[in-house]
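All heavy atoms count here, side chains included; hydrogens, waters and symmetry mates do not. Here the structure is a predicted model, which is why all the values come from computation and not from measurement.
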Amino acid sequence: MDSFLFASTLYLLVACIAVPLAVRLGLGSVLGYLTAGIMIAPLEGLVGSETQSLQHFAEFGVVMMLFLIGLELEPRSLWNMRHRLLGLGGLQVGLTTVLVSGAAMLMAVPWQGALAIGLIFALSSTAIVLQTLTEKNLMQTNGGRSSFSVLLTQDIAVIPMLALVPLLTWPGLNNRAATDGGHGGEDLGAASDVMHMLDGLPGWGVTLVTLGAIILIVIGGHYTTRPVFRYVHRAHMREMYTAVALLIVVGVAALMVLVGLSPALGAFLAGVVLANSEFRHELAADIEPFKGLLLGLFFITVGAGINFDVLMGAPLVILGLTLGVMAIKAGVLFALALLFKIKGRDRMLFTLGLAQAGEFGFVLTSFSVQNNVLPTEMSETILLVVALSMLLTPLLFIAYDKLQHRFLEQREHVPQDDIDEQQPIIIAGVGRFGQVVNRLLQSSGFQTTVLDHDLPLIQLMRRFGFKGYFGDPTRPEMLHAAGLSEAKVLVVAVDDPKAATKIVKFARRERPDLTIIGRARDRVHMFELYQAGADKIVREMFDSSLRAGRYVLEEMGLTDHEAHEQEVAFFRMDRHAMLDLAELWDPDIPVSENEAYLERAKELNRDLEIELLSNLSKPEAAE
């Protein structure tokens with residue numbers, strides 16, 4: 001026990017150091033966790049065999065992640081994905097298996113071992129890819145949804161793969177001892193340590209038990225969760241909600257292991273079944289903290305499992321094999337992206353995001369060694385290639401971030417629209433903010449010139465009968481073409497704060513007499529726009545927050561008139577305070593370290609409180 005606590009402390013300590021540093025450097029949390037694992041690897045002698053226990057424990061992070069993903073997918077949504085699952089995902093697994101197997105046979109590997117290697121490298125890392133897509137808010141893009149479809153297909157494909165591997169015994173091969181290469185993974189694949197519940201059953205019996213387990217999850221999830229949660233609710237004990245949430249995930253995983261299926265896949269199915277439940281958000285909130293910590297721990301174990309002795313023995317060969325496998329997978333993914341008409345940035349995201357091997361590769365490799373399909377020496381190289389490809393994946397996402405704006409915009413360059421009309425009002429940016437401004441002005445009889453660099457958004461506007469022009473409003477020639485020299489008002493409503501400030505600076509320099517109304521992301525951005533020359537600045541959430549506050553005041557007993565007066569007074573004083581603080585704001589000094597700014601802000605807050613309380617004490621307010 002002492003050893004387990006020491007190992008846990010060491011893992012958490014290194015993670016607390018490496019992960020925040022990686023995030024601050026813009027490398028992402030996944031690479032931080034993997035780096036933490038690499039830092040721990042030389043210290044494995046200190047933690048002993050407890051690393052194996054931590055690995056099995058950490059693998060539940062993947063199970064919980066798939067459960068949460070299932071909660072976000074209604075069964076109807078899953079049915080709508082069937083073409084991507086069967087077509088896109090099925091072709092990826094099949095083509096990658098064939099190509100990698102062919103390459104292995106060219107390297108004199110018997111066809112049985114070559115096919116096993118092809119199956120191993122056909123799989124990608126569900127844990128790393130989905131975690132990174134979520135962090136970067138890419139899950140809802142076409143590339144993110146396509147990646148998820150392929151990953152889900154791969155997880156399902158693990159089941160027939162595990163059934164096929166024992167049939168591929170390599171003639172004359174006799175491994176004396178099975179190895180997992182320093183990685184766990186048996187729990188994920190539900191292959192090596194399955195409790196032999198199905199031993200001795202005929203094939204039809206195994207099928208019936210498997211179907212029975214799936215039906216039990218579906219029916220149990222649909223009919224039993226509501227009574228259970230209502231029962232727990234009557235106890236009024238917050239921790240019991242968490243206990244029930246963990247019971248559902250761990251119980252489903254245990255059931256899947258008993259019948260020889262993937263616990264991760266079972267958890268995903270349970271999540272889909274509960275997606276329509278009124279307890280969905282409660283379940284997600286209870287599981288999320290455990291998922292994040294255990295998933296991070298899983299990434300650490302992957303990094304710690306890299307065998308640097310094998311790597312140093314033939315570094316160029318190992319690196320060449322890793323890049324070769326990733327190149328084959330990327331080629332297949334790129335071809336499928338073309339076939340399924342995944343375009344532009346989404347195509348690049350789909351190709352780079354899934355080019356690695358995955359955690360199920362550890363399972364299949366270990367299982368192949370146990371069944372004399374691969375020799376132990378070869379398995380060490382395969383495990384290292386799997387781990388290195390996973391380690392390189394966050395770097396590929398970083399490359400995607402760097403290249404998407406430069407490389408893709410050059411390749412996808414769409415000529416900007418020729419502006420054939422110039423109106424007295426120019427609106428730069430027509431997203432959620434700009435479109436409301438535009439509708440109000442046009443409904444009031446005023447004509448506008450709308451600019452936005454989002455072509456699908458401009459096309460959608462046109463379908464609703466609103467005229468807009470595709471083009472980058474930060475480009476001087478675009479603003480001049482829109483009539484900057486003659487316009488009366490410029491509304492800067494773009495989402496990007498840096499772009500908004502750039503537009504305001506240029507417009508003020510070109511037209512000192514122009515009225516410029518800017519959209520600010522927050523207080524600091526408001527100060528930037530003020531210094532850039534904006535006449536009137538609107539914080540994008542400020543007015544809606546004021547309205548919500550007014551509704552609260554009304555519910556707390558104030559009359560409509562009193563709540564309205566408080567709202568108006570707050571708006572007036574906050575506007576005065578912002579102009580006052582703008583004079584003290586220094587872009588080179590963080591607000592938290594600007595003493596003059598902080599002192600004046602405190603004074604203004606006290607003045608605001610006194611003003612609002614005095615409003616309520618006036619005779620007319622009390623009537």
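The aromatic rings of Phe527 and Tyr597 sit perpendicular, their planes meeting at an angle over 60°, well past the 30° parallel limit.
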Would you please test Leu451 and Phe470 for side-chain contact (heavy atoms from CB on, under 4.5 Å) and show each step? CA-CA 6 Å; Leu451 309 175; Phe470 170 69; over 6 Å; no
Apply side-chain contact (heavy atoms from CB on, under 4.5 Å) to Gln154 and Ser124, showing your working. CA-CA 8 Å; Gln154 291 175 356; Ser124 302; 3.4 Å; yes
Please assess Ile419 against Met478 for the test side-chain contact (heavy atoms from CB on, under 4.5 Å), listing each intermediate value before the final yes or no. CA-CA 9 Å; Ile419 300 177; Met478 196 69 190; 3.9 Å; yes
Would Gln447 and Ile425 count as a side-chain contact (heavy atoms from CB on, under 4.5 Å) here? Give the steps. CA-CA 7 Å; Gln447 298 302 310; Ile425 304 171; over 6 Å; no
Could you go step by step and tell me if Glu583 and Tyr530 meet the side-chain hydrogen bond (donor to acceptor under 3.5 Å, both in side chains) rule? CA-CA 10 Å; Glu583 300 297 332; Tyr530 178 80; 3.0 Å; yes
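With hydrogens and angles ignored, the 3.5 Å screen pairs no side-chain donor or acceptor of Ser443 with any backbone N or O of Leu440. No side-chain donor-acceptor contact under 3.5 Å links Gln435 to the backbone of Met461. A donor-acceptor pair is defined here as one N or O able to donate and one able to accept, closer than 3.5 Å; such a pair exists between the side chain of Gln356 and the backbone of Ser125. At least one donor-acceptor pair closer than 3.5 Å links the side chain of Glu562 to the backbone N or O of Thr559. A side-chain donor-acceptor contact under 3.5 Å links His525 to the backbone of Pro497. Side-chain atoms of Lys467 never come within 3.5 Å of backbone atoms of Arg462 as a donor-acceptor pair (strictly under, hydrogens ignored). A distance-only check finds no donor-acceptor pair linking the side chain of Glu593 to the backbone of Ile589 [under 3.5 Å]. At distances below 3.5 Å, not a single donor-acceptor pair connects side-chain atoms of Thr351 with backbone N or O atoms of Met348. Side-chain atoms of Arg539 never come within 3.5 Å of backbone atoms of Ala520 as a donor-acceptor pair (strictly under, hydrogens ignored). For Gln566 (side chain) and Leu612 (main-chain N/O), a donor-acceptor pair under 3.5 Å exists by modelled atom type.
Side-chain atoms of Leu95 and Leu336, non-hydrogen and from C-beta on, do get closer than 4.5 Å to each other. Using a 4.5 Å heavy-atom threshold, the side chains of Thr132 and Thr393 count as separate. Asn438 places a side-chain heavy atom less than 4.5 Å from the side chain of Phe466. Looking at Leu339 and Leu91, their side chains come closer than 4.5 Å, going by heavy atoms from C-beta outward. Looking at heavy atoms from C-beta onward, Asn142 lies in side-chain contact with Ser146 at the 4.5 angstrom threshold. You'll find the side chain of Phe148 stays beyond 4.5 Å of the side chain of Val129, heavy atoms only. The shortest side-chain heavy-atom distance between Leu349 and Leu138 falls under the 4.5 Å cut-off. Put simply, the side chain of Asp574 does not reach to within 4.5 Å of the side chain of Leu608, judged on heavy atoms.
Here the CZ-CZ distance, from Phe570 to Arg550, works out to 14.5 Å after rounding to the nearest 0.5 Å. Distance check: Phe350 CZ to Leu354 CG gives 5.5 Å after rounding to the nearest 0.5 Å. Rounding to the nearest 0.5 Å places CG of Leu133 at 10.0 Å from CD of Gln131. Here the straight-line distance linking atom CG of Leu34 with atom CD1 of Ile128 works out to 5.0 Å at 0.5 Å rounding. How far CG of Leu604 is from CE of Met578: 7.5 Å, rounded to the nearest 0.5 Å. Atom NE2 of His576 and atom CG of Asp607 lie 8.0 Å apart (nearest 0.5 Å).
Contact record, Val504 with Ala534: CG1-N, 3.6 Å, taken as the closest heavy-atom pair. Summarising the geometry of Leu514 relative to Ala487, their closest heavy-atom pair is CD1-O, 3.4 Å, with the distance given to 0.1 Å. Between Gly32 and Ala18, the shortest heavy-atom contact is O-CB, 3.7 Å. The two residues Gly143 and Asp346 make their nearest non-hydrogen contact at N-OD1, 3.0 Å. Pairing each heavy atom of Thr153 with each of Gly90, the nearest pair is CG2-N, 3.7 Å. Taking both residues in full, the closest heavy atoms of Gly483 and Ile426 are given as C-CD1, 3.9 Å, listed atom of the first, atom of the second, then distance.
Atom CD of Glu554 has more than 12 neighbouring heavy atoms from other residues, nucleotides or ligands inside a 6.0 Å radius. Within a 6.0 Å radius of CZ in Arg572, more than 12 heavy atoms belonging to other residues, nucleotides or ligands are found.
Ring centroids of Phe506 and His480 are separated by less than 6.0 Å, placing the two rings close together.
Between Lys502 and Asp496, no side-chain nitrogen of the basic residue sits less than 4.0 Å from a carboxylate oxygen of the acidic one, so the salt-bridge criterion is not met. Of the charged side-chain nitrogens involved, at least one lies within less than 4.0 Å of a carboxylate oxygen, so that Arg600 and Asp580 count as a salt-bridged pair. Residues Glu528 and Lys498 are not paired through a salt bridge, judged by the lack of any N-O separation under 4.0 Å between the basic side chain and the carboxylate. Taking 4.0 Å as the cut-off between side-chain N and carboxylate O, Asp535 and Arg508 count as a salt-bridged pair. Ion pairing between Glu567 and Arg547 fails under the 4.0 Å rule for side-chain N and carboxylate O. A salt bridge is defined here as a Lys NZ or Arg NE, NH1 or NH2 lying under 4.0 Å from an Asp or Glu carboxylate O, and Arg606 with Glu609 fails to meet this definition.
Thr448 pairs in a side-chain hydrogen bond (donor to acceptor under 3.5 Å, both in side chains) with only one of the listed residues (Gln442, Gln423, Arg439), which is Gln442. Just one of Arg521, Arg519, Arg432 meets the side-chain hydrogen bond (donor to acceptor under 3.5 Å, both in side chains) condition when paired with Asp495; it is Arg519.
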